[in-house]
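Below: one structure, written as structure tokens.
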2 protein chains.
Amino acid sequence: MPETAGGSRAGNRALSVMDLIREAILGGTVGAGERLNEVQLSRNLAVSRTPVRAALQALAGEGLLDYAPNRGFTVREFPLPAIMDAYDIRASLEGVAARFAAERGLRPEENAVIERSLAAGDKLLERGSFEAGDLTIYRGINGDFHDTLLAAARNRMLGEMIRICHHVPMSSSRNIVAFEYRDVRRRHDDHHRIHEAIVAREPWRAELLMREHVSSIKASLIRALAERNADHPGEARPADASMT
Amino acid sequence: MPETAGGSRAGNRALSVMDLIREAILGGTVGAGERLNEVQLSRNLAVSRTPVRAALQALAGEGLLDYAPNRGFTVREFPLPAIMDAYDIRASLEGVAARFAAERGLRPEENAVIERSLAAGDKLLERGSFEAGDLTIYRGINGDFHDTLLAAARNRMLGEMIRICHHVPMSSSRNIVAFEYRDVRRRHDDHHRIHEAIVAREPWRAELLMREHVSSIKASLIRALAERNADHPGEARPADASMT
DNA sequence: TTCCCAATAAGTGAATACACTTTACTGGGC
DNA sequence: GCCCAGTAAAGTGTATTCACTTATTGGGAA
């Protein structure tokens, strides 16, 4: 076995193969609509077809691949409208998650994580502008906030659905670099208010705030795309965002 | 399941095996939390382990099974709170679907199906009470309405998520028999109003109506469970609804 | 008796071989 | 030159086999 596949998830080739293929899709190594050849993949990854098939089926379950009998798996296409829809769907789902969290309450350690993320964001933003690397740092802060809230919702299915929304290409904020200081500032304020609503046990306010919060990300993305189109009129057509 | 694996989906054993196992889970032949043995299943279904594994992986993707490396697949448990949550999640998602449908408009043939389902419901309800079998008929009418609306939302991911909610044991209305005439009457009125909002191109009204519509199903279920518990105090404890 | 551990059975993970389907290619007829 | 059929190649579907992990069971020691 030259270059054993992955290496991360020991003892289970299928899972590490799954991670590799997922990265290849999200990273754009394989394009949308492209067909994934099992024998070719197994050659490249130095495993047999069995774990490759398992990985492909699992990725189809995540909604990243399409399956057709006797025809194999293809990378699912995400046209721009579908990506925009994903934000609406995620806004709705994360809204429900915030409501559940407010109904069920935060555990002390969860509250601690959230308050830490709020404080870290405050510190990062107090300078009044962003320097290089700050956006990456805030991405981590933002992830902590949302992940903890999702855990506080105490519903597995909901978590999985939101995770699927995040895996839609370009739908996750980590795929976006065009955010400006004032966008992040405003979203961080949202976090404060959402936290307030949850500790005050105001479920419906929490839901509304979270919903608007995620929707505003969509609005930012639309603006960023429009600006990019204005800067480079030739390239970056709407279809361009469908994937990599 | 002694018979040879189903004749329905020709040419692909894995898919028919998947249908059989799904029915076994939803029908209660295998209980929640139970472990599914691959060799035993392949013996019973008279196929090799390969299509069985494929089916199990696919069902795990649907959220019906849990997977643990080197430990195989188990039937996921759905305690009563998780079932109730599923209604909230579905209410939110179907609300979004109704909004999308209102934004994008109904195709003539879709509108025809919906108006036919509305008329059929009117006819069934005009007697003022239900006879045996009427509920089954209305179930079909109800399904046509919701399925067509979902198609009109024109978003695949949304459809899949709602489908997952329907497959949560006891979460689909088809699993419930305890609905009374006035419940159905009121829900059919909802259908009329939702249709109105969609043809009038009022997205947010459509969303709100649909959300309330699905939430009212949850309320009916809670009442039905409470009455059942009152009738048979010994049996039918909350945990009882977790599965079959 | 209870706990621990080894031996063994049972079960999943992966590789390989073969069957069947789809697709691509090639040659002949129109 | 185009279309179609037949055939070969490629690719997926399934069965089988072996490797490896996990669960079980029985015996021995504290």
Side-chain angles (χ1 to χ4, degrees), chain A residues 1-22 24-25 29-62 64-76, chain B residues 1-22 24-25 30-31 33-62 64-76:
Chain A
M1 206 194 312
E3 302 214 58
T4 94
S8 46
R9 308 173 99 149
N12 198 319
R13 289 158 154 75
L15 292 178
S16 40
V17 166
M18 184 176 160
D19 290 341
L20 290 173
I21 299 178
R22 199 212 323 275
I25 295 170
T29 308
V30 295
E34 199 168 320
R35 183 165 166 180
L36 294 177
N37 187 314
E38 295 178 8
V39 295
Q40 186 182 319
L41 280 172
S42 51
R43 264 201 312 268
N44 292 348
L45 302 173
V47 296
S48 81
R49 277 177 58 210
T50 309
V52 170
R53 279 182 72 84
L56 293 176
Q57 282 173 318
L59 289 170
E62 283 188 11
L64 235 56
L65 300 179
D66 282 327
Y67 170 74
N70 288 313
R71 213 159 298 179
F73 296 85
T74 54
V75 179
R76 189 180 286 198
Chain B
M1 311 161 247
E3 300 299 315
T4 83
S8 47
R9 304 216 199 186
N12 198 318
R13 293 178 214 276
L15 292 177
S16 40
V17 166
M18 184 176 158
D19 290 342
L20 289 173
I21 298 178
R22 198 211 324 275
I25 296 170
V30 294
E34 199 168 320
R35 182 166 168 180
L36 295 177
N37 187 314
E38 295 178 9
V39 295
Q40 186 182 319
L41 280 171
S42 52
R43 263 202 312 269
N44 291 348
L45 302 173
V47 295
S48 81
R49 276 177 57 211
T50 310
V52 170
R53 278 183 74 84
L56 293 176
Q57 284 168 328
L59 289 169
E62 283 187 11
L64 236 57
L65 299 178
D66 282 327
Y67 169 74
N70 288 314
R71 212 160 301 179
F73 297 86
T74 54
V75 179
R76 188 179 287 196

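The figures here come from the full heavy-atom set of this structure, side chains too, leaving out hydrogens, waters and symmetry mates. Labels below follow one simple rule: chain letters A, B, ... track the order of the sequence lines, proteins then strands, and each chain is numbered from 1.
- Rounded to whole angstrom, the span from the CG atom of A:Leu41 across to the C1' atom of D:dA10 amounts to 15 Å.
- With sequence neighbours excluded, no residue forms a salt bridge (Lys or Arg N to Asp or Glu O under 4.0 Å) with B:Glu34.
- The interatomic distance linking B:Arg71 (CZ) with D:dC20 (C1') rounds to 14 Å, in whole Å.
- Proximity note for A:Arg13 (side chain, C-beta onward) versus C:dG13, C:dT22, C:dA14: the nearest is C:dA14.
- Position along DNA chain C of the nearest nucleotide to B:Thr50 versus B:Arg35 favours B:Arg35 as the more 5'-ward residue.
- When the side-chain hydrogen bond (donor to acceptor under 3.5 Å, both in side chains) test is applied to B:Asn37, no partner is found at least two apart in sequence or on another chain.
- Closest to the side chain of B:Ser48, from the set D:dT16, D:dT22, D:dT12, is D:dT16.
- Looking at the side chain of A:Val39, the nearest of the listed nucleotides D:dT12, C:dG13, C:dT12 is D:dT12.
- Summarising the geometry, atom CG belonging to B:Leu59 is positioned 8.5 Å from atom CG belonging to B:Asp19; distances are rounded to the nearest 0.5 Å.
- The interatomic distance linking A:Glu38 (CD) with C:dT22 (C1') rounds to 14 Å, in whole Å.
- Counting only residues at least two apart or in different chains, side chain to side chain donor-acceptor pair (under 3.5 Å) contacts with residues 39-56 of chain A comprise A:Glu38-A:Arg49, A:Glu38-A:Arg53.
- Look at A:Asn12 and you'll find a side-chain N or O under 4.0 angstrom from OP1 or OP2 of C:dA14.
- Regarding A:Tyr67, its OH atom lies at a distance of 11 Å from the C1' atom of C:dT21, rounded to whole Å.
- Here C:dT16 presents its C1' atom at 16 Å from CZ of A:Arg43, a figure rounded to the nearest Å.
- A:Phe73 comes within 4.0 angstrom of no nucleic acid atom, judged by non-hydrogen atoms across all strands.
- Partners of A:Ala58 by side chain to side chain contact (heavy atoms under 4.5 Å, CB included), not counting sequence neighbours, listed by chain and number: A:Met18.
- Contact between the side-chain N/O atoms of A:Arg49 and the OP1/OP2 oxygens of D:dG13 is not found at any separation under 4.0 Å.
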Assess the residue pair A:Ile21 and A:Leu64 against the criterion (side-chain contact (heavy atoms from CB on, under 4.5 Å)); give the C-alpha distance rounded to whole Å, side-chain angles, the decisive distance to 0.1 Å, and a yes or no.
CA-CA 10 Å; A:Ile21 299 178; A:Leu64 235 56; over 6 Å; no
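- Counting heavy atoms from C-beta on, the side chains of A:Leu65 and A:Thr74 never come closer than 4.5 Å.
- Within the 4.0 Å cut-off from OP1 or OP2 of D:dG11, at least one side-chain nitrogen or oxygen of A:Asn37 is found.
- Distance A:Asn44 CG to D:dG11 C1': 15 Å, rounded to the nearest Å.
- Within residues 51-60 of chain A, the residues that have a heavy atom under 4.0 Å from DNA chain D are, in order of number, A:Arg53.
- Rounded to a whole Å, the CG atom of A:Leu45 is 14 Å from the C1' atom of C:dA14.
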